[in-house]
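A quick note: this is a predicted structure, and the numbers were derived from the prediction, not measured.
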Amino acid sequence: MTTQDIDPTPPGTDPEPRPSLRIRAAEALALLIGVFVFYTSFFGAFETLNQRASFVAMIVAMAVLLYPTGGGRRWRPLGIALDAAMGGWVLVSALYVIANFERIMVQLPFAEPLDVWLGFGTLLVVLELARRTASLVFPIIVGGMVAYAFFGDLIPGAFGHRGFDAFYITEVMFLSDRGLWGMLVSIASTTLAAFILFGALLLHTGAGQTFFDLSARAGGASPGGAAKIATIASGLFGSISGSSVANIATTGNFTIPLMKRLRYPASFAGGVEAVASTGGQLAPPIMGTAAFVMAELVGVNYWTIAAVAFLPAALFYLGVFTTVHLIAKRTGLGQVSGEDLPDWRAAANWRRLAPIFAGIAGLAWGICNGNSIQLTACYGMIGIMLAFTVATLSGGGSIGEVVRTLVRAFRDGGKGVVIVGILLVAAQVFVAMVNLTGVGVAVTSQILAVAGDNIWVIAGIMAVVCLIAGMGLPTSAAYVLVAAVFAPVLIQQGLDPVMVHLFVLYYAALSVITPPVCVAVFVSATIAEAPWLKVARDTLRLGGTAYALPMLFIAYPGLLLQGGAEAIAHAILSGVVFVLAVANLFAGQPVVRLGPLAPVLWIGVAVLALLPGWTASVAALALLVAAYAPGLGRPARAT
């Protein structure tokens, strides 16, 4: 393998112009962040506030370099001064916290005016950078929660509280490990950053192209082959990238034009990519980034989250894959021709597969040794780097080529930490204010007053709230905001916390494809050059099963590996039948003898699959089989 496989540059082209000082500084700082992540993963993190404050200072500096004020405008010099002031303010705050680490952790000091200025100034910088990197919605929500902490005494009724002054809020937000330097920041700077760097190394050493080629060989030759390639490749890539939008922008630039070239409707091509990329965040073993946050919030091992998420993710992609296949068969969507498919031998070449398998082996070694998550990720990184070095040198490459590739990977890993890091710093302030004001308890009591003890009504309200609250936000941020306020409602009903948080995560992820603020759909529609409403329609049709999956967690806890072998087997049977029925429904699959009443059959099968007991599940399976049996659901073959 060579760097041509990763970042091809046509021979004879002019070299790119020398990057600006800002870009070079950003690349150097990104490399420093990557090295910081690798070092602290291998040797262990620094003392709590020292680790977190150092991390925040670096990602803030990186963010102002990557997302400058007034870039390309006449008043850019003023923007440079503002960005320098923002980065300098947070650097001073971080150094202040590091210098006073022992006093903050041991004495729990009272806030002084200097602390208030540093604390609220840092918060404003973080919120401004959250606006630049994500959207205006997120800083408004976080800022609103801080204002709620200030003025709660002016609010009547159940949502009122005694109110807190600037000094007390500063003590929580700045002079403790609960706010700007809190638990979510610890996750971002350790486990989450380690796996982002792991993913960057994996992709730069050729995994992205390998995933695409293997996906093409696996599904490209069947009906709707190009759409199946998109489904498989986007799922594999998305589990690493952790962002639907980033996933679409990467794999979508290959898969969407391929589908359009085979005369797939542009809106359908965009819909396939949007829903498949979204599901990648829910697919183990890496699950994007939100799973690490969930593990910390719930208080369980990350690998427990990955294990319980396996069956739901499999059902998610079974639903998407089946819907794509049925629509392709019914509408005649073509397969990819043999000459357009990559050669099996090239796709499965040991040099291309070695970094992937070595990375997985490194993770397995760390798990078997019982190491921390970040050290486990570090073993995976070491495996990738060693395997890539051997594969490159044995294929005629040079050590310089290896170094350049790994440096690019470390730089991209450092950049990849920035957005999610900034959002989690702001989200931690939100969580701190929720805990300080007790608003979560107030929300729980109000929802229970409306829904009583009916779990299904509560779950329905929660689903709608998650979809609305997550619109326009990255999945990790949306999940944290909703989980902090609303997860206790279902947990209070006796449901398992892991189940509840996975429920919230699913709807937080689906919010990016849910109209009207469906960011992933907008990006996919832009690449497909199709009206976003049509892309949204096809996205909802292809991903229809995903919206019902979290409800199955409540009906069948066995899907999350709870309740023993029989409960798990029953959950798998019911889940598969339900997903296939809903896929047939949204694909418009006909049943010959029923004519226009075919949807009634599919709905009936889905409802039966949801009912408790083996009898209903077996009956649902029998109806599903009958719908495809010759002479019953479809015409018998002519003899």
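Glu273 places no side-chain N or O within donor-acceptor distance of the main-chain N or O of Ser524, the cut-off being under 3.5 Å. Using modelled atom types, one side-chain atom of Tyr148 and one backbone atom of Phe159 make a donor-acceptor pair closer than 3.5 Å. Looking at Trp181, its side chain does come within 3.5 Å of a backbone N or O of Phe174 through a donor-acceptor pair. Without hydrogens or angle criteria, Trp602 side chain to Gln589 main chain gives a donor-acceptor distance under 3.5 Å. In terms of modelled atom types and a separation under 3.5 Å, the side chain of Thr322 and the main chain of Gly319 share no donor-acceptor contact. Gln51 places no side-chain N or O within donor-acceptor distance of the main-chain N or O of Ser186, the cut-off being under 3.5 Å. Side chain of Asn369 to main chain of Asn371: no donor-acceptor pair is present (N/O by atom type, distance under 3.5 Å, no hydrogens or angles). With Ser574 contributing its side chain and His570 its backbone, the two residues share a donor-acceptor pair below 3.5 Å. A donor-acceptor pair is defined here as one N or O able to donate and one able to accept, closer than 3.5 Å; no such pair exists between the side chain of Tyr168 and the backbone of Ala111.
Scanning all heavy atoms of the two residues, the minimum distance from Pro139 to Arg131 falls at CG-CB, 3.9 Å. In plain terms, the two heavy atoms of Leu559 and Pro312 that are nearest each other are O-CD, 3.6 Å. The minimum heavy-atom distance between Gly179 and Gln428, with the atom names listed, is O-CG, 2.7 Å. Here the closest heavy-atom approach between residue Phe503 and residue Ala459 is recorded as CZ-O, 3.5 Å. Nearest heavy-atom pair, Ala149 versus Ile169, reported as atom, atom and distance to 0.1 Å: CB-CD1, 3.9 Å. Looking at every heavy atom in both residues, Ala427 comes nearest to Val480 through CB-CG1, 3.8 Å.
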| message | Assess the residue pair Gln374 and Thr191 against the criterion (side chain to side chain contact (heavy atoms under 4.5 Å, CB included)); give the C-alpha distance rounded to whole Å, side-chain angles, the decisive distance to 0.1 Å, and a yes or no. | response | CA-CA 5 Å; Gln374 54 266 37; Thr191 56; 3.0 Å; yes
| request: Start with the C-alpha gap between Leu601 and Leu624, add the side-chain angles, then the distance that decides, and say whether side chain to side chain contact (heavy atoms under 4.5 Å, CB included) holds. | output: CA-CA 9 Å; Leu601 172 66; Leu624 184 68; over 6 Å; no
| message | Could you walk me through whether Thr190 and Phe55 satisfy the side chain to side chain contact (heavy atoms under 4.5 Å, CB included) test, starting with their C-alpha distance in whole Å, then the side-chain angles of each, then the deciding distance to 0.1 Å, before giving a yes or no? | response | CA-CA 9 Å; Thr190 54; Phe55 177 76; over 6 Å; no
| field | Step-by-step side chain to side chain contact (heavy atoms under 4.5 Å, CB included) determination, Val185 to Leu180 | value | CA-CA 7 Å; Val185 184; Leu180 289 164; over 6 Å; no
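Put simply, the side chain of Arg178 does not reach to within 4.5 Å of the side chain of Leu436, judged on heavy atoms. Between Met433 and Val439 there is no side-chain heavy-atom pair separated by less than 4.5 Å. Residues Ser41 and Phe198 are not in side-chain contact: their nearest non-hydrogen atoms beyond the backbone lie 4.5 Å or more apart. Side-chain contact check for Pro515 versus Thr539: every heavy-atom pair is 4.5 Å or farther apart. Taking 4.5 Å as the limit, some side-chain heavy atom of Phe120 sits within range of a side-chain heavy atom of Val146. Asn584 has its side chain out of reach of Val605: every pair of non-hydrogen atoms, C-beta onward, lies at least 4.5 Å apart. Looking only at side-chain heavy atoms (C-beta outward), Asp177 and Thr48 stay at 4.5 Å or farther from each other. Between Leu608 and Phe578, the closest side-chain pair of non-hydrogen atoms is not below 4.5 Å.
Once rounded to the nearest 0.5 Å, the distance linking CZ of Arg541 with CG of Asp538 reads 5.0 Å. Met173 contributes atom CE, which lies 5.0 Å from atom CG of Leu123 (distance to the nearest 0.5 angstrom). Interatomic distance, CE of Met105 versus CD of Glu47, reported as 9.0 Å (0.5 Å rounding). Within the model, atoms CG of Leu490 and CE of Met499 stand 9.5 Å from one another, a figure rounded to the nearest 0.5 Å. The distance from the CG atom of Leu467 to the OG1 atom of Thr514 is 4.5 Å, given to the nearest 0.5 Å. With rounding to the nearest 0.5 angstrom, the SG atom of Cys466 is 11.5 Å from the CD1 atom of Ile461.
The only option from Val275, Leu311, Val579 that meets the side chain to side chain contact (heavy atoms under 4.5 Å, CB included) definition with Phe316 turns out to be Val275.
The number of heavy atoms from other shown groups lying within 6.0 Å of OH (Tyr547) is above 12.
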